[in-house]
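The first residue of the sequence shown is numbered 1, and numbering continues consecutively from there.
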Amino acid sequence: MARSPAATIAPRRRLTAGSPVADAVEAWLFNLGAAKPSPATLAAYRRDLQGVASRLATLEGIGEYQDIVLPDLEKTALRAAFASWASDHAAASVRRAHSAWSSFFDFLVAEAVMEGNPMAAIPKPKTPSTLPRSIRARDAVARLIKTAAQPDPTARDPWPARDLAVIATFCVTGVREAEASGLNIGSLDGDRGARRVEVKGKGGKARPIPIDPALETVFEEYLRERRRRFPKEEIDRPNVALFVDVRGQRLTVHQIRYLVEKLYVRAGIRAQVPAGALVHALRHTFATEALEAGADVVELQELLGHASLETTRRYLSATAQGLRQVIQAHPSQAALRDSLRAGG
């Protein structure tokens, strides 16, 4: 007799004010499952909590991680444990650990096993105010699109319709490279003229991005060519990859990076692409140009799939800096500076 699915589900961990911290951590991680975090994210959270808690156990003479109970998580002990753990971890890791512990305590308060969250009293490194790194060439998008539409003379099997579809998607939607790799045929939804692409972002969160008729036309030409290349492919199935390589296999993130970098070189703008940004520079460029074209920061947050509005606000600073540079380079500014020098 087959067992019902419910028979395989373990009972929920029930916490008390004196529960072991290890049990509370596992209960919190289980609770996070409703938000569908990636396994890598859960593993990082577990390491962060175990790492700081282990320092606390050592500093307080309690023993090991498994020996700590919730009453041991006292504010002074936590502050010392975080200071010890931060001494040999990067600032970004400390910020992530601080966030994980804060979420953990919020969970314990909601479970009525702790009265408050002590993390406000624990210092954390400030988030660096780095500006988004967009491509410095003002005509970058036009040059990339023009280049992609031409066959790559160095490719063994050039496919300009595919290359154009990929680069145009980045330039006019601002998707991440992993999001582009994960797109399927079924991600394209809606009637012609009101089409949108359903993107799965971080944590599996979906967001629709409208696409205009120009990108629709690019997709249609690419898919027509793809049918000619792979006549036996069942291209109308929703779970079939949208972007594929010359063998018909889903384009990986690595392949996308290679394709985009080659286009930068062919378009003559590789030197204008910020180091370390590569594909992500297209996302930054999309966001900066959207603000310059009149989009507001809330609209941009929705398009980019940012969880925090503060992340999106960085583009306002980038845009203001770019406009300031335009003003400084204007001929009238040069005339004003010459006048001031002459007057001095």
Side-chain angles (χ1 to χ4, degrees), residues 36-41 141 144-145 148-149 152 157 159-230 232-264 277-287 289-290 299-307:
K36 295 292 185 182
S38 71
T41 297
V141 171
L144 282 170
I145 288 174
D152 181 355
D157 187 4
W159 193 357
R162 190 279 314 273
D163 295 350
L164 178 59
V166 171
I167 203 69
T169 298
F170 285 122
C171 291
V172 304
T173 69
V175 297
R176 301 176 178 94
E177 56 190 19
E179 293 170 345
S181 176
L183 289 175
N184 295 324
I185 295 295
S187 301
L188 298 176
D189 192 25
D191 298 328
R192 202 180 199 300
R195 190 86 39 99
R196 59 187 177 274
V197 58
E198 295 282 345
V199 177
K200 281 195 175 180
K202 292 183 176 180
K205 186 177 180 181
R207 69 182 188 279
I209 301 178
I211 58 176
D212 67 9
L215 186 56
E216 282 188 76
T217 300
V218 168
F219 280 149
E220 288 167 357
E221 179 56 32
Y222 157 60
L223 292 175
R224 272 196 298 270
E225 252 191 52
R226 182 167 157 185
R227 287 187 176 93
R228 290 196 293 269
R229 281 176 171 254
F230 309 108
K232 296 182 180 179
E233 182 185 28
E234 297 181 44
I235 199 172
D236 295 321
R237 288 189 298 152
N239 61 343
V240 170
L242 177 60
F243 297 128
V244 297
D245 60 22
V246 293
R247 297 169 299 166
Q249 302 298 309
R250 182 185 297 273
L251 275 181
T252 66
V253 168
H254 178 75
Q255 288 174 312
I256 287 174
R257 289 175 185 170
Y258 179 74
L259 185 157
V260 170
E261 185 166 27
K262 283 193 74 176
L263 284 171
Y264 286 152
L278 205 60
V279 181
H280 217 64
L282 294 172
R283 178 172 166 87
H284 294 323
T285 302
F286 165 81
E289 291 183 348
E299 292 169 335
L300 186 59
Q301 179 191 15
E302 186 174 346
L303 287 173
L304 296 177
H306 286 157

Query - ring pair (Phe, Tyr, Trp, His ring centres under 6.0 Å): pairs with one or both residues in residues 172-214, sequence neighbours excluded - result: none
State which residues pass side-chain hydrogen bond (donor to acceptor under 3.5 Å, both in side chains) with [X]; sequence neighbours excluded, sorted by chain then number.
X      : value
Asn184 : Arg250
Asn239 : none
Arg237 : none
Thr173 : none

Query raised in the report: Can you name the salt bridge (Lys or Arg N to Asp or Glu O under 4.0 Å) partners of Asp191, sequence neighbours left out?
Result: none
Requested in this report: Kindly write out the residues that satisfy salt bridge (Lys or Arg N to Asp or Glu O under 4.0 Å) with Glu225, not counting sequence neighbours, or none if the list is empty.
Outcome: none
If I take atom [atom1] from residue [X] and atom [atom2] from residue [Y], how far apart are they, to the nearest 0.5 angstrom?
X      : Y      : atom1 : atom2 : result
Glu261 : Leu278 : CD    : CG    : 5.0 Å
Leu282 : His280 : CG    : NE2   : 10.5 Å
Tyr258 : His254 : OH    : NE2   : 8.5 Å

Grab the two heavy atoms, one from [X] and one from [Y], that are nearest each other, plus how far apart they are.
X      : Y      : answer
Pro160 : Ala149 : CB-O, 3.6 Å
Arg226 : Val240 : NH2-CG1, 3.2 Å
Phe286 : Val172 : CE1-O, 3.4 Å
Gly201 : Arg176 : CA-NH1, 4.4 Å
Asp152 : Lys262 : OD2-NZ, 2.8 Å

**Report entry** Audit row: Ile185, Leu223, side chain to side chain contact (heavy atoms under 4.5 Å, CB included) steps and yes/no
**Finding:** CA-CA 10 Å; Ile185 295 295; Leu223 292 175; 3.9 Å; yes
Report task. Indicate yes or no for a side-chain donor-acceptor contact from Ser181 to the backbone of Glu177 under 3.5 Å, with no hydrogens or angles considered. Result -> no
Which atom pairs, one a donor and one an acceptor, fall under 3.5 Å between side chains of residues 162-171 and the rest of the protein, sequence neighbours left out?
unit_1 : atom_1 : unit_2 : atom_2 : d
Arg162 : NH1    : Val244 : O      : 2.9
Thr169 : OG1    : Ala165 : O      : 2.7

Report task. List for me each residue that meets side-chain contact (heavy atoms from CB on, under 4.5 Å) alongside Pro208, sequence neighbours excluded, and say none if there are none. Result -> Arg196, Glu198
**Report entry** For Gln255, all residues meeting side-chain contact (heavy atoms from CB on, under 4.5 Å), sequence neighbours excluded
**Finding:** Asp245, Arg247, Leu251, Thr252
**Report entry** Test ring pair (Phe, Tyr, Trp, His ring centres under 6.0 Å) applied to Tyr222 - qualifying residues, sequence neighbours left out
**Finding:** Trp159
Report task. Determine whether Phe219 and Ile211 make a side-chain contact, defined as any pair of heavy atoms from C-beta on separated by less than 4.5 Å. Result -> yes
**Report entry** Any pair counted as side chain to side chain donor-acceptor pair (under 3.5 Å), so long as it reaches residues 207-216, sequence neighbours left out
**Finding:** Glu179-Arg207
